[in-house]
Number of protein chains: 2
Amino acid sequence: MAKTTLKSLAQALNMSVSTVSKALNDSYEISEVTKRTVQEFAKKHNYQPNVHAKFLKTGKTNTIGVVLPKMTGSFEAQIIAGMQKAATAHHYRTIIMNTMENEELEKLALQSMLDKSVDGILFCPIHEESNIDLAKQILKTTPVVIFDRTHYPIETHKVGVLNAEGMYNACKHLIDIDRRKIAIFCGAHQGITTKRLSGYIEAHHDFQIPVTPEYIVHCNVKSLVDLQDDLEKHVKSLLQLPEPPNAIVGVADTITTHLLGILAKLDIKVPETLAVIGFANTDLVLSLNPSLSTIRQPTTEIGEISVHKLVEIMQKKNRSQIEWEDIKLPTSIQLRRSTIG
Amino acid sequence: MAKTTLKSLAQALNMSVSTVSKALNDSYEISEVTKRTVQEFAKKHNYQPNVHAKFLKTGKTNTIGVVLPKMTGSFEAQIIAGMQKAATAHHYRTIIMNTMENEELEKLALQSMLDKSVDGILFCPIHEESNIDLAKQILKTTPVVIFDRTHYPIETHKVGVLNAEGMYNACKHLIDIDRRKIAIFCGAHQGITTKRLSGYIEAHHDFQIPVTPEYIVHCNVKSLVDLQDDLEKHVKSLLQLPEPPNAIVGVADTITTHLLGILAKLDIKVPETLAVIGFANTDLVLSLNPSLSTIRQPTTEIGEISVHKLVEIMQKKNRSQIEWEDIKLPTSIQLRRSTIG
DNA sequence: TTGTAAGCGTTATCAA
DNA sequence: TTGATAACGCTTACAA
């Protein structure tokens with residue numbers, strides 16, 4: 001069972017390699033009869049062009065590389081689904097590399113793409129400075145689109161959401177239901193956190209509520225266990241304040257969802273004692289305790305638009321003239337029992 | 001900024017291409033001085049060998065391809081994390097292709113690996129017959145390991161769990177707490193479902209409880225909406241039986257976790273009215289309503305062992321002599337409020 | 001309409 | 001210890 005190559009096909013068909021190649025590529029130079037013969041024969045022998053050899057000639061791999069820091073929940077799954085759908089529509093395949101929030105792995109992932117094993121990269125960096133020099137270097141030769149964590153100082157298209165606005169809306173909703181003592185639970189990834197925090201502060205200003213510094217807490221998100229410990233610690237100390245909060249907004253999926261577990265464990269009533277709302281794209285909203293009010297990101301769209309933008313760059317001849325866009329999609333808010341009793 | 005190749009290095013250093021190549025590969029034929037000069041110069045110019053050209057010569061890509069049907073939850077994320085860890089240890093990189101439970105996409109994914117863009121494949125098939133001919137053909141030239149859904153009729157290493165035993169233990173636990181009227185909620189993927197169902201039946205036999213056919217329900221898992229509709233329908237009709245069940249076991253992650261949402265929606269008390277336990281590897285057990293008793297699969301291990309087995313095949317000269325193993329790892333059971341009030 | 005031949009960036013063989 | 005050359009599988013001028 002020797003592998004089927006152009007050569008082996010040519011030999012078997014008694015034609016030249018280039019005729020076979022052209023026939024398979026549907027070239028106008030080749031007669032219909034020959035084309036059909038070749039194509040049928042190739043299919044019968046399950047010919048698959050060798051992408052590596054092809055690359056050597058064309059410099060194209062028809063592959064988009066996705067580099068992202070984790071794949072632990074629905075959020076990432078939805079984004080990737082959107083990317084795959086759009087990529088397939090553009091006749092690209094996608095390969096995914098997970099950096100596990102680890103800069104060393106991120107470096108390896110990016111480097112292994114530097115060798116031109118992909119035509120373009122969709123990149124969600126670990127933080128604002130991670131592997132920035134490498135990224136800049138890659139950018140010289142390979143199109144890159146930054147998604148989700150768009151606070152990354154390289155000049156290219158970026159696709160994210162209106163983070164401040166999303167958080168503003170969450171706070172506004174809490175204020176509307178008369179929960180004005182709002183604690184905010186932040187994580188790492190400063191760019192996004194900062195934006196969301198600014199939405200929190202803006203809402204307080206607009207509604208003339210003073211910002212209580214103690215209500216702004218930062219959680220250790222290094223590992224799940226760390227996060228859970230930290231959440232518990234913060235909840236406890238907040239509730240011991242002279243003026244404890246009556247609501248919590250979560251800055252990210254993991255924080256918001258795991259917070260519910262901690263509150264259940266501590267037997268704190270949600271929403272009676274503490275209303276909870278936060279950024280979250282988990283599928284499990286209804287199974288949570290209680291069902292969770294969320295700020296949802298348009299994940300599928302983020303994925304799709306990222307691909308469209310990348311394809312746009314890849315197809316452009318004169319890349320130096322592109323005007324880079326920083327696309328911010330709106331979030332939506334969905335209310336459930338965790339804020340409306 | 002022309003790309004750095006062996007040729008460009010050779011020219012700049014005034015050496016031959018083959019000398020440079022050997023120097024970079026640390027060949028014994030090359031003097032230490034030359035090696036150092038070349039290696040330093042190459043690093044300074046950020047030389048990255050072209051994997052495609054390399055492949056053409058060596059037939060190796062140092063890449064493992066992972067083909068799996070979905071990536072929606074912690075279960076998949078944990079398996080992939082295990083794979084990536086083990087692959088990195090063996091100096092392989094991994095690329096992931098998500099087939100979205102779609103046979104056509106699965107075919108594309110497998111085909112795009114047939115062209116030898118990977119050295120080996122870790123494959124979790126959609127169902128027992130999906131793309132079986134293609135898989136068999138791939139197997140002739142490329143090592144494959146089947147993971148998770150191991151009821152797939154090709155001859156190679158397989159890595160899964162003791163499905164019947166896991167379900168047996170779940171039932172035993174329910175029986176221990178005197179919940180003897182157990183409904184089982186099944187999904188698709190017949191192989192695994194069948195095994196788990198057999199554990200259910202075996203437990204009933206061992207404890208001399210008759211199996212009630214109405215307690216065995218099959219859910220439509222095509223989409224999340226379908227699943228939720230179906231879950232609601234089944235729960236309602238079960239509770240209208242003359243002899244309603246007092247416990248439910250879930251056969252898979254999605255079924256078990258979303259079931260909780262439906263029960264909450266219908267305002268059915270868990271565990272008072274219905275105790276719930278099931279296969280689930282979600283991180284969110286504690287945040288669920290109520291905290292969920294689970295049968296956990298050793299996901300990281302599944303991932304790691306799959307890679308080890310694959311590497312074993314890839315390194316073997318004489319592949320026809322390998323004795324294929326069907327590895328079954330034990331599950332563990334974790335009890336929380338959904339079964340122990 | 002078909003065939004010849006060069007070349008993409010490597011590695012491997014053999015010669016110098 | 002180094003260098004010239006062929007080959008991997010493919011595309012593409014150019015020639016026939």
Test side-chain hydrogen bond (donor to acceptor under 3.5 Å, both in side chains) applied to A/Thr99 and A/Glu106, step by step
CA-CA 5 Å; A/Thr99 63; A/Glu106 187 178 66; 4.5 Å; no
Can you check side chain to side chain contact (heavy atoms under 4.5 Å, CB included) on B/Thr300 and B/Ile79, steps first, answer last?
CA-CA 5 Å; B/Thr300 315; B/Ile79 288 186; over 6 Å; no
Enumerate all atom pairs, one protein N or O and one N or O from nucleotides 5-9 of chain C, separated by less than 3.5 Å.
unit_1 : atom_1 : unit_2  : atom_2 : d
C/dG7  : N2     : A/Lys57 : NZ     : 3.1
C/dG7  : N3     : A/Lys57 : NZ     : 3.4
C/dG9  : N2     : B/Ala53 : O      : 3.2

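Non-hydrogen atoms lying under 4.0 Å from DNA chain D are contributed by nothing in residues 31-42 of chain A. Applying a 4.0 Å cut-off to non-hydrogen atoms, the residues of residues 23-30 of chain A that approach DNA chain C are A/Glu29, A/Ile30, listed by residue number.
Sparse packing is recorded around CD of A/Glu129, with 12 or fewer heavy atoms of other residues, nucleotides or ligands lying under 6.0 Å away. Other residues, nucleotides and ligands contribute more than 12 heavy atoms inside 6.0 Å of the NZ atom of A/Lys35. At most 12 non-hydrogen atoms from other residues, nucleotides or ligands lie less than 6.0 angstrom from NZ of B/Lys85.
Direction of the helix axis in the helix from C/dT1-D/dA16 to C/dA16-D/dT1 shifts by 50° between the two five-pair termini, rounded to 10°.
Checked by atom type, the side-chain pair B/Ser21/B/Ser18 shows no donor-acceptor distance below 3.5 Å. When only modelled atom types and interatomic distance are considered, A/Thr34 and A/Thr37 share no side-chain donor-acceptor pair under 3.5 Å. Under the 3.5 Å distance criterion, with hydrogens and angles disregarded, a donor-acceptor pair is assigned to the side chains of B/Asn318 and B/Ser320. In this model, a donor atom of one side chain and an acceptor atom of the other lie less than 3.5 Å apart for B/Glu103 and B/His127.
Each of B/Met83, B/Lys158, B/Lys309 was compared with B/Phe147 under the side-chain contact (heavy atoms from CB on, under 4.5 Å) criterion, and only B/Met83 meets it. When the options A/Trp324, A/Tyr152, A/Phe123 are evaluated for a ring pair (Phe, Tyr, Trp, His ring centres under 6.0 Å) with A/His157, the one that passes is A/Trp324.
Side chains of B/Asp119 and B/Thr63 form no contact here, defined as non-hydrogen atoms less than 4.5 Å apart.
Taking the nucleotide of DNA chain D with the nearest heavy atom to each of B/Met15 and A/Lys22, the more 5' of the two is matched to B/Met15.
With sequence neighbours left out, A/Tyr92 forms a ring pair (Phe, Tyr, Trp, His ring centres under 6.0 Å) with no residue at all.
Under the 4.0 Å criterion applied to side-chain N and carboxylate O atoms, A/Arg149 and A/Glu101 are assigned as salt-bridge partners.
Protein chain A contacts DNA chain D over a range whose 5' and 3' limits, counting nucleotides with an atom under 4.0 angstrom from a non-hydrogen atom, are D/dC8 to D/dC14.
The heavy-atom pair separating B/Thr4 from B/Tyr47 by the smallest distance is O-CD1, 3.5 Å.
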